[in-house]
Amino acid sequence: MSKSQFQAPKGTRDIMAPESDRVSNLLSIFEETLNSGGYGQIISPIFEDIRVFQRLGDSSQIVTKEMFDLFDKDPKNPQHLVLRPELTASICRAFTQHRPVTPWKVWYQGPQFRYEKPQAGRYRQFLQVGAELLGSPDPHADVEIISLASRFFQKAGLSNTKLLLNSLGDAETRANYNEALIGYLNLNQADLSEQSQNTMLKNPLRVLDSKREQDQAVIHSAPVISDFLNDDSKKHFQIVQKGLSMLEIDYELTPRLVRGLDYYTKTTFEFIAPGLDTAQNAVGGGGRYDGLVEALGGPPTEGIGFAIGIDRTLLACEAENISVPTNNIEIFVIDTTGGDEALILSDELRQIGFSVDRSFDQRSMKSQMKAADRSGAQLAIIIGTDELNENQVTLRDLRGDGTQIALDRQSLSKALPEMLQEMTK
RNA sequence: GUGGCCGUAGCUCAGCCUGGUAGAGCCCCUGUUUGUGGUACAGGUGGUCGCGGGUUCAAAUCCCGUCGGUCACCCCA
């Protein structure tokens, strides 16, 4: 066997069963959760005009160097396109384009792309699900969004996730805080790492996100934004917290929680899976972005949303040993008369709703039995020359004591449902 | 973008230091069992040792480069 000449591109992977069963399971749980909240699905393009994302702010590396470029071939309209690195901006673009009635509640699911160096829980193509609520400043909208994300993790069976909560305040708050933070960082610049001294110039907030040992002392004593919230922001944040308490959703106030994109205002949050023994333990996050639609050329519109990384949620499920729901087949047809019977019978039984598998290549009885066992099927239907001549089939219970009974071929489909139910008891 | 570790059978890995005919376990196939799986035993298929160059009589093994994986940093879901 020669070595495969091609492999999946760097930072991408093939997700195969049974892992893919878990993915589709998570996706359907998510869909169910969001549908139950009156959110409609939006299926937006996988690529967009690069400018849609450039409005996110250029202090973010996502915008500056982590996008996959595409170029429209039409010489009359040489558009610069990119594979979407996130979806909130796409959705705000869709909002300004279609101007739906507000509140506009949407959910999405799909791959996103960032040109990064891969590592644990980080891929160049990664799968996210998320939701956005546009057109309401109501803090209860924040609570609804957070609660839907939280319920998703719950339904997925994850017990070890933690909700981190913070408020970045409005523009006024941020300006005041930035000033104080810059002043503080300047005073303590000498104690900061080289990287952080750099970050400080571009986006002081992000210094709080540093994981370097050297920076921790400075970060620890830095002024916190909660002390700078103005009345409006403070009130908003209080109602959010009260709402979460009313829903009995636990959270941890983390005044140093900073998110990667510049557009966030007021409420920001992150779900982490502390059980994940990797540097990338954030499984989801989001927040309010009241100025974003306007920045994309739309009317002033408030917005709040979240995104959940399915790849990392997958890792968290594995870390918590949550069982994978698999699509086991129910019946395995064994045919030693040449294969015609297996062909006909499996088709017949599939049509009436059973999941049925069979062997190919006219293998031996023994080999087919082995395949039947491996398939996980409850029941084997055996057709040999004896059965064929008698116009019968033999049923064998593969999971119990191996009981076999003979049955008329004609009465098979009628008797099967009851028999299977009996056996799985 | 920076750094550590790793690339040998479908999978998990040994062999590499000290160069001399490519190994184990699992999986898969066949048989013991003349129509019957899950246990046991026996046998078998499968590898230009990631790729390219160099050193050498001789390279999986030493050297250089490159690609990929992985983990961390930067950054981020």
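Note that the coordinates shown come from a computational prediction; the quantities given were computed from them, not determined experimentally. Reminder, nothing fancy here: chain letters follow the sequence lines and each chain counts from 1.
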base_contact_polar (B:G35 base, A:Glu387 side chain, donor-acceptor, <3.5 Å):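 Answer is yes: a donor-acceptor pair is held.
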No-H, no-angle donor-acceptor pair, A:Gln404 side chain to B:U36 base, under 3.5 Å: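 Yes.
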Using a cut-off of 4.0 Å on non-hydrogen atoms, how would the nucleic acid contact of [X] be classed: base, sugar-phosphate, or nothing?
{"X": "A:Gly11", "answer": "sugar-phosphate"}
{"X": "A:Tyr123", "answer": "base"}
{"X": "A:Ile382", "answer": "base"}
{"X": "A:Thr199", "answer": "sugar-phosphate"}
{"X": "A:Gly384", "answer": "base"}
{"X": "A:Gly121", "answer": "base"}
{"X": "A:Gln112", "answer": "nothing"}

Could I get the full list of side-chain contact (heavy atoms from CB on, under 4.5 Å) partners for A:Pro417, not counting sequence neighbours?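 A:Pro417 satisfies side-chain contact (heavy atoms from CB on, under 4.5 Å) with A:Phe354 only.
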When rounded to the nearest Å, what value does the distance between [atom1] atoms of [N] and [M] take?
{"N": "B:U45", "M": "B:A58", "atom1": "C1'", "answer": "30 Å"}
{"N": "B:G37", "M": "B:G23", "atom1": "C1'", "answer": "31 Å"}
{"N": "B:A60", "M": "B:C51", "atom1": "P", "answer": "11 Å"}
{"N": "B:G38", "M": "B:C27", "atom1": "C1'", "answer": "16 Å"}
{"N": "B:U70", "M": "B:G53", "atom1": "C1'", "answer": "26 Å"}
{"N": "B:U61", "M": "B:C49", "atom1": "P", "answer": "10 Å"}
{"N": "B:G20", "M": "B:U12", "atom1": "C1'", "answer": "29 Å"}
{"N": "B:G15", "M": "B:A59", "atom1": "C1'", "answer": "14 Å"}

Measure from [atom1] on [X] to [atom2] on [N] and round the result to the nearest Å.
{"X": "A:Leu26", "N": "B:A77", "atom1": "CG", "atom2": "P", "value": "19 Å"}
{"X": "A:Leu205", "N": "B:C75", "atom1": "CG", "atom2": "C1'", "value": "15 Å"}
{"X": "A:Ile381", "N": "B:U36", "atom1": "CD1", "atom2": "P", "value": "19 Å"}
{"X": "A:Ile334", "N": "B:G37", "atom1": "CD1", "atom2": "C1'", "value": "8 Å"}
{"X": "A:Asp373", "N": "B:C27", "atom1": "CG", "atom2": "P", "value": "13 Å"}
{"X": "A:Asp14", "N": "B:G10", "atom1": "CG", "atom2": "C1'", "value": "15 Å"}
{"X": "A:Asp401", "N": "B:U36", "atom1": "CG", "atom2": "C1'", "value": "14 Å"}
{"X": "A:Leu315", "N": "B:C71", "atom1": "CG", "atom2": "C1'", "value": "14 Å"}

How do A:Ala120 and A:Ala307 order along RNA chain B: which one's closest nucleotide is nearer the 5' end?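 Nearer the 5' end of the strand: A:Ala120.
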Are the side chains of [Y] and [X] in contact, using a 4.5 Å heavy-atom criterion?
{"X": "A:Gln241", "Y": "A:Leu244", "result": "no"}
{"X": "A:Gln154", "Y": "A:Thr33", "result": "no"}
{"X": "A:Phe237", "Y": "A:Asp142", "result": "no"}
{"X": "A:Asn166", "Y": "A:Glu270", "result": "no"}

Protein-nucleotides 28-30 of chain B N/O pairs under 3.5 Å:
| residue | atom | partner | partner atom | Å |
| --- | --- | --- | --- | --- |
| B:C28 | OP1 | A:Arg374 | NH1 | 2.6 |
| B:C29 | OP1 | A:Arg374 | NH2 | 3.2 |

Short side-chain donor-acceptor distance under 3.5 Å, A:Glu132 and A:Thr88: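 Result is yes, a qualifying pair exists.
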A:Tyr177 and A:Phe228 aromatic ring geometry - parallel, tilted or perpendicular at 30°/60° bounds: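 A:Phe228 vs A:Tyr177 ring planes: perpendicular.
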Is there a Watson-Crick or G-U wobble partner for B:A24 with both distances under 3.5 Å, and if so, which one is it?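 Base partner found: B:U12.
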Counter-base of B:G1, judged by Watson-Crick or G-U geometry with both distances under 3.5 Å: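 B:G1 is paired, partner B:C73.
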Of all the nucleotides listed ([options]), which has the minimum atom distance to the side chain of [X]?
{"X": "A:Met369", "options": "B:U36, B:G35, B:C76", "answer": "B:U36"}
{"X": "A:Lys366", "options": "B:U70, B:U36, B:A72", "answer": "B:U36"}
{"X": "A:Arg122", "options": "B:G68, B:C74, B:U36", "answer": "B:C74"}
{"X": "A:Met365", "options": "B:A77, B:U36, B:A72", "answer": "B:U36"}
{"X": "A:Gln119", "options": "B:A77, B:U36, B:C73", "answer": "B:C73"}

I need the full list of ring-ring contact (aromatic ring centres under 6.0 Å, His included) pairs touching residues 121-149 of chain A, with sequence neighbours left out, sorted by first then second residue.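 Counting only pairs at least two positions apart or across chains, no ring-ring contact (aromatic ring centres under 6.0 Å, His included) contact touches residues 121-149 of chain A.
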Using a strict 4.0 Å threshold on nitrogen-to-oxygen distance, state whether A:Asp401 and A:Arg396 make a salt bridge.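 The answer is no: the pair does not qualify as a salt bridge.
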Would you call A:Lys266 and A:Glu302 a salt bridge, using N to O less than 4.0 angstrom?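 Salt bridge: no.
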Quiz: residues 8-18 of chain A side-chain donor-acceptor pairs under 3.5 angstrom, not counting sequence neighbours:
| residue | atom | partner | partner atom | Å |
| --- | --- | --- | --- | --- |
| A:Thr12 | OG1 | A:Pro9 | O | 2.6 |
| A:Arg13 | NH1 | A:Glu19 | OE2 | 3.3 |
| A:Arg13 | NH2 | A:Asp311 | OD1 | 2.8 |

Return the polar atom pairs (N/O with N/O) between nucleotides 2-6 of chain B and the protein under 3.5 Å, or none.
| residue | atom | partner | partner atom | Å |
| --- | --- | --- | --- | --- |
| B:U2 | O4 | A:Lys117 | NZ | 3.1 |

With sequence neighbours left out, what residues match A:Asp49 under salt bridge (Lys or Arg N to Asp or Glu O under 4.0 Å)?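 With neighbours one apart ignored, the set is A:Arg51.
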